[in-house]
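Encoded as structure tokens, the structure appears first; notes follow it.
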Amino acid sequence: MSLAKSKNASRCEICDDDFNLRYGAPYIEAHHIIPIASKASEYRVTAADFALLCPNCHKAVHVHMAKGSEDYTHIKDMLKQRLSSLRQVDIEQPHANRAR
């Protein structure tokens, strides 16, 4: 897992947020792209088996997996699209979503 984390140790693959830049701490969580329980017992895990995610995106992926969607690529694309849409709304109406 440390090999996977070393490739870009603090940037989330979904939201692109850099934990180190934002919080001053090089941190990231590794998510098994394909659940480890679905692998044969003799399977050797590699760095390519992991997605590097911030804690929020990692939890969101697990919430969507619990709803029945186990395909990480589909969840990743859906979350990226949602985040992009939310950012666009924030750009167009920067004060509409903020409490007064």
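Quantities reported herein were computed from a predicted structural model and do not represent experimental measurements. The first residue in the sequence is number 1, and the count goes up from there.
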- prompt: Passes side chain to side chain contact (heavy atoms under 4.5 Å, CB included), Cys54 versus Glu13? Steps please.
  reply: CA-CA 8 Å; Cys54 71; Glu13 294 179 16; over 6 Å; no
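- Atom SG of residue Cys12 and atom NZ of residue Lys76 lie 9.0 Å apart, to the nearest 0.5 angstrom.
- Here the CG-SG distance, from Leu83 to Cys57, works out to 6.0 Å after rounding to the nearest 0.5 Å.
- Hydrophobic cluster membership is shared by Tyr23 and Tyr27, with clusters built from Ile, Leu, Val, Met, Phe, Trp and Tyr side chains linked at under 4.5 angstrom.
- A salt bridge is defined here as a Lys NZ or Arg NE, NH1 or NH2 lying under 4.0 Å from an Asp or Glu carboxylate O, and Asp16 with Arg11 meets this definition.
- Distance check, rounded to the nearest 0.5 Å: CG of Leu79 to CG of Leu53 gives 9.5 Å.
- Ile33 and Met65 fall within a single hydrophobic cluster, where Ile, Leu, Val, Met, Phe, Trp and Tyr are joined by side-chain heavy atoms under 4.5 Å apart, directly or via other members.
- Checked against a 6.0 Å centroid threshold, the rings of His74 and His64 do not count as neighbours.
- The shortest non-hydrogen separation linking His58 to Ala30 is CE1-O, 3.7 Å.
- The same ILVMFWY cluster, assembled from side-chain heavy atoms under 4.5 Å apart, contains both Ile14 and Ile34.
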query: His31 and Tyr72: ring pair (Phe, Tyr, Trp, His ring centres under 6.0 Å), yes or no, with the steps?
result: CA-CA 9 Å; His31 172 76; Tyr72 171 74; 5.5 Å; yes
- request: Step by step, work out the side chain to side chain contact (heavy atoms under 4.5 Å, CB included) result for Asp17 and Arg22.
  value: CA-CA 8 Å; Asp17 199 12; Arg22 182 177 295 270; 2.8 Å; yes
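- Side chain of Ser84 to backbone of Lys80: no donor-acceptor contact under 3.5 angstrom is found.
- The shortest non-hydrogen separation linking Asp18 to Asn20 is OD1-N, 2.9 Å.
- To the nearest 0.5 Å, atom NE2 of residue His62 and atom NZ of residue Lys67 are 14.5 Å apart.
- Note: Asn56 CG to Phe19 CZ = 8.5 Å, rounded to the nearest 0.5 Å.
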